[in-house]
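Notes to accompany the following structure.
Bear in mind that the values here come from a model prediction, so they are computed numbers and not experimental data.
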Amino acid sequence: MTKGNSTKITDELYRYMLAHNPPLDEIQRGLVATTYEKFPDVADMQSAEEQGPLLAFLVRLTGARHIVEVGTFTGFSTLSMARALPEGGRLIACDVSEEWTTYGRRAWEAAGVADRIELRIAPALDTLRAMPAEPHIDLAYVDADKENQIAYWEELVPRLRPGGLIVTDNTLFHGAVLDASATGSAAGVRAFNDHVSADPRMESVLLAISDGLTLSRKR
């Protein structure tokens with residue numbers, strides 16, 4: 001097997017990359033800083049800085065008007081996608097924590113996009129199963145509990161329009177996907193990756209972005 005890219009992402013190279021991407025604005029940076037201040041033990045649940053501009057880019061690229069986010073945390077990814085929505089676009093954000101999402105709500109209000117976001121505090125599977133069964137979702141971003149990823153996938157795919165996109169975070173899971181004896185979340189991600197690559201309804205690519213990002217397009 002030929003390894004195509006051997007570039008090591010040093011701290012200096014990472015900063016260079018960020019400097020050549022669309023910059024985060026004041027509200028986004030404030031939300032990132034607040035997340036690390038208020039929730040230092042779980043702040044790594046926040047999507048990586050480079051993923052904000054990427055998610056916004058994908059919203060514009062696909063022309064998405066109806067987005068579903070599974071796993072909102074403090075709302076950085078939500079904010080990034082909502083800002084890219086066209087007029088009349090809608091984002092349904094699924095999470096189980098009022099505490100975490102309180103900070104997201106404040107940022108969404110400050111950014112003037114709160115009217116585009118519908119936050120649903122409930123188990124995400126319940127929220128997804130209550131949605132119309134026909135294809136209507138343009139883009140979904142999945143960044144939640146890893147042991148339920150296949151279940152989320154199976155609720156989202158039938159509701160995704162042809163050509164629609166599912167973006168799944170943490171699909172390399174800190175390298176633990178290599179461990180055949182993995183348990184818990186790592187085992188969930190391993191099973192999910194196998195499930196996705198074998199699904200004939202979708203075409204998918206797993207990219208080495210941050211902790212692994214899988215892009216899946218409905219055929």
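Taken together through direct or relayed side-chain contacts under 4.5 Å among Ile, Leu, Val, Met, Phe, Trp and Tyr, Val42 and Val32 form part of one hydrophobic cluster. Met202 and Leu165 fall into different hydrophobic clusters, defined by Ile, Leu, Val, Met, Phe, Trp and Tyr side-chain heavy atoms under 4.5 Å apart, directly or through other members. Under the 4.5 Å side-chain heavy-atom criterion for grouping Ile, Leu, Val, Met, Phe, Trp and Tyr, Leu125 is connected to Ile137 within one hydrophobic cluster. Under the 4.5 Å side-chain heavy-atom criterion for ILVMFWY residues, a single connected hydrophobic cluster contains both Val196 and Ile150. Hydrophobic clustering, with ILVMFWY side chains joined whenever heavy atoms are under 4.5 angstrom apart, groups Leu213 together with Leu61.
Side-chain contact between Arg161 and Lys218: absent, with no pair of heavy atoms (C-beta onward) separated by less than 4.5 Å. In this structure the side chain of Asp145 reaches within 4.5 angstrom of the side chain of Tyr152, judged on heavy atoms. Side chains of Ser80 and Gln28 form a contact here, defined as non-hydrogen atoms less than 4.5 Å apart. Pro53 has its side chain within reach of Leu24: a pair of non-hydrogen atoms, C-beta onward, lies under 4.5 Å apart. The closest side-chain heavy-atom distance from Tyr141 to Ile67 is not below 4.5 Å. With a 4.5 Å cut-off on side-chain heavy atoms, Glu98 and Arg105 count as touching. At a threshold of 4.5 Å between non-hydrogen side-chain atoms, the residues Met131 and Ile92 count as touching. In this structure the side chain of Arg219 never reaches within 4.5 angstrom of the side chain of Arg201, judged on heavy atoms.
The CG atom of Asp138 lies 11.0 Å from the CG atom of Leu91; values are rounded to the nearest 0.5 Å. How far CG of Leu54 is from CG of Leu207: 8.5 Å, rounded to the nearest 0.5 Å. Interatomic distance, CH2 of Trp153 versus OG1 of Thr214, reported as 8.0 Å (0.5 Å rounding). In this structure, Arg60 CZ and Leu55 CG are separated by 11.0 Å, a value rounded to the nearest 0.5 Å. Atom CG of Leu215 sits about 6.0 Å away from atom CG of Leu58, to the nearest 0.5 Å. In this structure, OG in Ser210 is found 10.0 Å from CG in Asp44, a value given to the nearest 0.5 Å.
The number of heavy-atom neighbours closer than 6.0 Å to CD of Glu12, taken from other residues, nucleotides and ligands shown, is above 12. Remark: Tyr14 OH is packed, more than 12 non-hydrogen atoms of other residues, nucleotides or ligands lying under 6.0 Å away.
For Tyr103, the ring pair (Phe, Tyr, Trp, His ring centres under 6.0 Å) partners two or more places apart in sequence, or in a different chain, are Phe39.
Checked by atom type and distance alone, the side chain of Arg90 pairs as donor or acceptor with a backbone atom of Asp115 at under 3.5 Å. Checking side-chain atoms of Asp143 against main-chain N and O of Asp169 turns up no donor-acceptor pair under 3.5 Å. Judged by distance alone, with hydrogens and angles left aside, the side-chain atoms of Trp108 form a donor-acceptor pair with the main-chain N or O of Gly75 at under 3.5 Å. Checked by atom type and distance alone, the side chain of Arg65 pairs as donor or acceptor with a backbone atom of Glu87 at under 3.5 Å. In this structure, Arg159 contributes its side chain and Leu128 its backbone to a donor-acceptor pair below 3.5 Å. Remark: side-chain polar atoms of Thr10 are paired, donor with acceptor, to backbone N or O of Leu13 under 3.5 angstrom. A side-chain donor-acceptor contact under 3.5 Å links Arg190 to the backbone of Val177.
For Lys38 and Asp41, the salt-bridge test fails: no basic side-chain N is under 4.0 Å from an acidic carboxylate O. Ion pairing between a basic and an acidic side chain is recognised when a charged N comes within 4.0 Å of a carboxylate O; Glu49 and Arg15 show no such pairing.
In this model, no donor atom of one side chain and acceptor atom of the other lie less than 3.5 Å apart for Gln149 and Thr168.
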Can you list the steps and then say if Ser185 with Glu147 is a side-chain contact (heavy atoms from CB on, under 4.5 Å)?
CA-CA 5 Å; Ser185 294; Glu147 293 174 61; 4.2 Å; yes

CA sep, side-chain torsions, deciding dist, call: Met17, Ile9, side-chain contact (heavy atoms from CB on, under 4.5 Å)
CA-CA 9 Å; Met17 177 189 71; Ile9 304 299; 5.9 Å; no

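Scanning all heavy atoms of the two residues, the minimum distance from Ala93 to Thr72 falls at CB-OG1, 3.3 Å. Taking each heavy atom of Ala124 and Cys94 in turn, the nearest pair found is CB-CB, 4.0 Å. Nearest heavy-atom pair, Leu172 versus Gly212, reported as atom, atom and distance to 0.1 Å: CG-CA, 3.6 Å. Closest non-hydrogen pair, Leu31 versus Leu79, comes out as CD2-CD2, 4.5 Å. Phe76 approaches Gln46 most closely through the heavy-atom pair CB-OE1, 3.8 Å. Residues Ala122 and Thr127 approach most closely at CB-OG1, 3.9 Å, considering heavy atoms.
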